[in-house]
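Each chain gets a letter, A, B and so on, in the order its sequence line appears, and its residues count up from 1.
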Amino acid sequence: MKPVIDILEEKICAAMAADTGRQDCAAIVRPATDAKFGDYQANGVMALAKQLKTNPRKLAEQVVGKLDISDICEPPEIAGPGFINLRLKPEFLAERLLEVNKDSAGLGMEKTSKPKNIVVDFSSPNIAKQMHVGHLRSTIIGDCICRILEFLGHNVIRQNHIGDWGLQFGMLCALYEKKTEEETKKEKGAVDYKVLADFEEFYREAQELSNKDEKFKERSRKAVVGLHRGDEMWRAYWEIIVRNSKRHYEIIYAQLSVTLHDDDIRGESFYQDKLPGVVGELKKKNLAIESDGAVCVFPEGFNNKEGKPLPFIIQKSDGAYLYATTDLAAIRYRVNELKADAIIYVTDSRQKLHFEMLFAVARMAKWDKRQNTEYRIQETGEKPQKVEFVHVMFGSVLGDDGQPLKTRSGENVKLKDLLDEAVERAKKVVEQKNPELSPDKKEQIAKAVGIGAVKYADFSNNRTSDYVFSFDKMLAMDGNTAPYMQYAYARIKSIERKAQSKDVDIETELAGVTELNLAEPAELDLAKYLIRYGEAIQAAAGDYRPNYLTAYLYELAQKFSVFYTNCPVLKAAPGQRPTRLLLCDLTARTIRHGLSELLGIEVVEQM
RNA sequence: GCGCCCGUAGCUCAGUUGGAUAGAGCAACGGAUUUCUAAUCCGUAGGUCGUAGGUUCGAAUCCUACCGGGCGUGCCA
């Protein structure tokens, strides 16, 4: 089903076009700013009147005259300088609600008519280091975007561009070799993964040795060369390190309910053999030139402090490649092999300039189009479809001091510690609020609430701004938090449980609902909001902003609470109860869908 | 210096191609509990939307200047 707002937009646009003969009309339908104006308002007539230099009220009248939406709305009203106010007909609302209710999987959402292959690049932790707060936002925002796009019917290709290559692997492999030798002397055989359990320690040890032990340093250098050459032994050590390191973040992904798996990993190492080709081709196309010994591309419109062209360095003067080179190789792979129609990068805003330049260079090289398609395009006359590049950026997670969140000793906060603490704190609250629950239940609730709180707090902030991390705030029962949302859900589930003891057969009663009896203001308000779920998802998808979705869910939960306090369900009169049961059920399904399917936050039956 | 982002209630933040009287939550104050889970709800108070101009029927939103903050800015990622 198309969202009501889109149907109105189309119909009013058509009326505007019919009246003025212009094709580029925009009705700009928005939810009404005040309930007294109705349910929706169209603002576009005023802008159009300005362009046409005519009286906006008069134009509004003409447009309304050409408009037939009597199946959806009461007669439109023109107000103020030229607003068109729209009020849904109760019959339409009821009918719509029943339809949404019937669609158990999609809740009335329409799948896209143009499914695209969308590559989403997110999370990207570094091998041999634990995931820390810095990885939180990319991981969960990226995951949420994938879930939403998939729900809309797109083919999402997740790409975890892990840091599994670079100079530090020389010393890690050298240390691994050293440890293996030591273990062999002790007749224990090869080092097993338990030795690598504490990667922080392993990394630190390698660094220390590197600093003070010349022989070790030399061995590290040999390892780097060996890795580049593809020596079997070094490659094997590298693989062991990578494989064991991956376990660490697989645990975190599971804990966060993040839909990233082994198949989605395409790390830096994957692109290594493609880098000379990237540089070579850019040189051949005369886009890359040597400057101060480094190979650079100078995309137009980027200047440095002296106002001179800013370089996008793709090869250092010592011949080494950089992340810019890898990113370019990744674009080619994604466009040509993964057949991407769009590539979305979920990284922090500090990399904005890098991505702007990356995209510019890719376009200069025409790598935003698939190879070997030119001739077919000429034959068929199709326009070459350009791949869309999007940088979905986000701000930093800050501590109380307004600085990026660190531990007291100034280290990055490990994601595992942070999540464990959230669960621990949630557990205390559960313990206090509901001591009679079984230990298993308490544990399960604490996990859902604790992890949910961390994720929800992140989602509910505008992703582009920094936010201050606060356990107390995210675990608060009041306000736009995960616990509030989960509580709203649990309350509905409680009604359902209670129904059994009162001999109310919800299933039978719901199955028999063919028409609704929406009378109370709280019922109407909730009903009108329930049919707008699709709008919220589209808004969130359109701008890749999860906070539009959390805002909707929060408001929905609030409207439900109002309904809950004002409208008894189980004790309702026989003529009212089916409608109220349906409102409860649909609210629960919407909250569950939003939280668990789209945000990856668990709901609980009891709290 | 230059570029990008930001400045909204005491605090933390929303605000969807410019729309009607700028919205939430927290904190403060007042009220509601024989319950369908009060982890809730209702109400009150709180704002020259950084400052000053400009564009127009209409600006938190667009333009200009300034003040204040963050980030970035040639061989890290």
query = Does anything in residues 465-489 of chain A pair up under salt bridge (Lys or Arg N to Asp or Glu O under 4.0 Å), and if so which pairs, sequence neighbours excluded?
reply = Arg425(A)-Asp472(A)
Closest to the [X] side chain, choosing from [options]:
X         : options                : answer
Leu570(A) : G74(B), U40(B), C36(B) : C36(B)
Val562(A) : C41(B), C36(B), C57(B) : C41(B)
Arg30(A)  : G19(B), U16(B), C36(B) : U16(B)
Phe37(A)  : A20(B), C36(B), A39(B) : A20(B)
Ile28(A)  : U17(B), A77(B), C13(B) : U17(B)
Gln41(A)  : G74(B), C36(B), G19(B) : G19(B)
Lys50(A)  : C13(B), G58(B), C36(B) : G58(B)
Leu310(A) : U16(B), U73(B), A77(B) : U73(B)
Ser561(A) : U17(B), U12(B), C41(B) : C41(B)
Asp292(A) : G74(B), G19(B), U40(B) : G74(B)

Suppose you measure atom [atom1] in [N] against the same atom in [M]; what distance do you get, rounded to whole Å?
N      : M      : atom1 : value
C66(B) : G1(B)  : P     : 10 Å
G25(B) : A45(B) : C1'   : 16 Å
C11(B) : G47(B) : P     : 12 Å
U73(B) : G7(B)  : C1'   : 23 Å

message = Between Met477(A) and Asn126(A), which residue's closest nucleotide on RNA chain B lies nearer the 5′ terminus?
response = Met477(A)
remark   = RNA chain B nearest-nucleotide lookup for Asp34(A) and Phe298(A): closer to the 5′ end is Asp34(A)
Tell me whether the OP1 or OP2 atom of [N] has a side-chain N or O from [X] closer than 4.0 Å.
X         : N      : value
Tyr467(A) : G70(B) : no
Lys316(A) : G74(B) : no
Arg545(A) : A14(B) : no
Asn462(A) : G15(B) : yes

So for [X] and [N], does any side-chain atom that can act as donor or acceptor lie under 3.5 Å from a complementary atom in the base?
X         : N      : answer
Asp327(A) : A77(B) : no
Tyr323(A) : A77(B) : yes
Ser291(A) : G74(B) : yes

Are there any protein N/O atoms within less than 3.5 Å of an N/O atom in nucleotides 22-29 of chain B, and if so, which ones and at what distance?
residue, atom, partner, partner atom, Å
C26(B), OP1, Asp478(A), OD2, 3.4

ask   = Can Tyr564(A) be classed as stacking with the base of C36(B), given a centroid separation cut-off of 5.5 Å and a plane angle cut-off of 30°?
value =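 Check passed, Tyr564(A) stacks on base of C36(B).
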ask   = May Tyr484(A) be described as stacking on the base of A39(B), applying a 5.5 Å centroid limit and a 30° limit on plane angle?
value =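 Not stacked by the 5.5 Å and 30° rule.
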Quick one: does [X]'s side chain have a donor or acceptor within less than 3.5 Å of a partner on [Y]'s backbone?
X         : Y         : answer
Thr139(A) : Ser123(A) : no
Gln272(A) : Glu268(A) : yes
Asn434(A) : Leu437(A) : no
Glu431(A) : Pro435(A) : no
Ser460(A) : Tyr456(A) : yes

inquiry  = Taking Watson-Crick (N1-N3 plus N6-O4 or O6-N4) and G-U wobble (N1-O2, O6-N3), each under 3.5 Å, can you produce the dot-bracket string of RNA chain B? Use [ ] for crossing pairs and | for inter-strand ones.
reply    = (((((.(..((((.....[...)))).(((((.......))))).....(((((..]....)))))).)))))....
side-chain hydrogen bond (donor to acceptor under 3.5 Å, both in side chains) partner of Thr347(A), the single match among His354(A), Lys352(A), Arg137(A), His391(A) = His391(A)
message = For the aromatic rings, using the six-membered ring if either is Trp, is the centroid distance between Phe270(A) and His161(A) under 6.0 Å?
response = no
query = G19(B) P sits how many Å from Arg57(A) CZ, rounded?
reply =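 The answer, rounded to whole Å, is 19 Å.
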inquiry  = Without decimals, in angstroms, what is the distance between Gln403(A) CD and C71(B) P?
reply    = 7 Å
task = Would you kindly say whether Arg545(A) and Asn462(A) are connected by a side-chain donor-acceptor distance under 3.5 Å?
result =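 Looking only at side-chain atoms, Asn462(A) and Arg545(A) do form a donor-acceptor pair, the distance falling under 3.5 Å.
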Nearest heavy atoms of Ser220(A) and Met171(A), plus distance in Å =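 Closest approach of Ser220(A) to Met171(A): OG-CA, 3.3 Å.
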key: Which atom of Phe37(A) lies closest to which atom of Gln41(A), heavy atoms considered   = CD1-OE1, 4.5 Å
